[in-house]
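One structure below.
Given the structure is predicted, the values throughout are model-derived calculations rather than measurements. For reference, positions follow the sequence shown, starting with 1. These numbers come from the heavy atoms of this one structure, side chains and all, not from hydrogens, waters or symmetry mates.
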Amino acid sequence: MLKRAYDWCVSYASHPAAPWLLFALTFVESSISPLPPIPLLLPMCIARPDRALFYAGVCSLGAVLGGYVGYGIGFLLYDSLGAWLIGIYGLQEKAAHLIATSQDYWFWVLVTKGLTPIPFKIVTIMSGFLHFDLWKFTVGMVVSRASFFVMIALALRFYGDDIRIFIEKHLPMAALALLAVVVGGFFVLPMVL
């Protein structure tokens, strides 16, 4: 079953709707969804290494636009929707502490979190709740998310064949490692906020 799912993702990379799905997944990951775009981005870049930077651009655009939705949730809807989303992750106390202490260094929190697989929506929602400067928010998002996706794309662009061979040879281990990174981000989040 794992092999079929992997083959489907790789074959889907050439589908005309693939970049739109990647954009949508990245957009909602930056605002409301816990599903990261990496499980789709990796096979797409492996299948089409010549388009890896294009896919990184699609992800970056989706992340930035979705980040504005997250910011809006924090700015306009924190008391209802924003607090509920923060509550899902059990971060109410950590969020209150951040609001009280982080205005001076929030830009660096935004950039640092954007360079990791830790759920980015938490930072975008908190940025809105903190009424963080929108210009600094935009710069932080663009720098961090574009860097994150471009680093992945460049690695896959230049080492895609080696990575593909490794993944196909060790598919269960590679899937488990990817799952560990995605799920681990949720467990690490309370420790780093």
| query | Hey, mind stepping through S60 and V142 against side chain to side chain contact (heavy atoms under 4.5 Å, CB included) and telling me if it holds? | reply | CA-CA 7 Å; S60 300; V142 169; over 6 Å; no
| message | Rounded to the nearest 0.5 Å, what separates atom CG in L40 from atom CZ in F23? | response | 14.0 Å
| query | Of the non-hydrogen atoms in G70 and S31, which two are nearest, and what is the gap between them? | reply | N-CB, 3.6 Å
| salt bridge (Lys or Arg N to Asp or Glu O under 4.0 Å) involving R48 - partner list, sequence neighbours excluded | D50
| Option passing side chain to side chain contact (heavy atoms under 4.5 Å, CB included) with Y71 (candidates L76, I125, L134) | L134
| said: Looking at every heavy atom in both F137 and G67, which two are closest together, and how far apart are they? | reply: CZ-O, 3.5 Å
| CH2/W84 to CD1/I73 distance, rounded to the nearest 0.5 angstrom? | 10.0 Å
| remark: On a heavy-atom basis, the closest approach of P19 and P16 is CD-O, 3.5 Å
| Student check: side-chain heavy atoms of L41 and C59 closer than 4.5 Å | yes
| Any idea which heavy atoms bring M141 and A63 closest together, and the distance? | SD-O, 4.2 Å
| request: Check T26 against L22 and note the closest heavy-atom contact, atom names and distance. | output: OG1-O, 2.8 Å
| task | Kindly work out whether a path of hydrophobic side-chain contacts (I/L/V/M/F/W/Y, heavy atoms less than 4.5 Å apart) joins W20 to F27. | result | no
| query | When the aromatic ring centroids of F75 and F129 are compared, is their separation below 6.0 Å? | reply | no
| message | side chain to side chain contact (heavy atoms under 4.5 Å, CB included), that's the test. Do L115 and M151 meet it? Break it down for me. | response | CA-CA 10 Å; L115 289 169; M151 284 188 294; 4.2 Å; yes
| request: Taking the side chain as every heavy atom from C-beta outward, state whether F149 and V58 have any pair of such atoms under 4.5 Å apart. | output: no
| With distance as the sole test, does K121 use its side chain to make a donor-acceptor pair with the main-chain N or O of E29 at under 3.5 Å? | yes
| Nearest heavy-atom neighbours spanning A52 and R157 | CB-CB, 4.1 Å
| Test side-chain hydrogen bond (donor to acceptor under 3.5 Å, both in side chains) applied to S30 and Y68, step by step | CA-CA 8 Å; S30 292; Y68 287 126; over 6 Å; no
| Intermediate values then yes/no, side chain to side chain contact (heavy atoms under 4.5 Å, CB included), Y55 and I152 | CA-CA 10 Å; Y55 295 143; I152 291 171; over 6 Å; no
| query | Can you find a pair of side-chain heavy atoms, one from W106 and one from V123, that are under 4.5 Å apart? | reply | yes
| Is the closest side-chain heavy-atom distance between V143 and L110 below 4.5 Å? | no
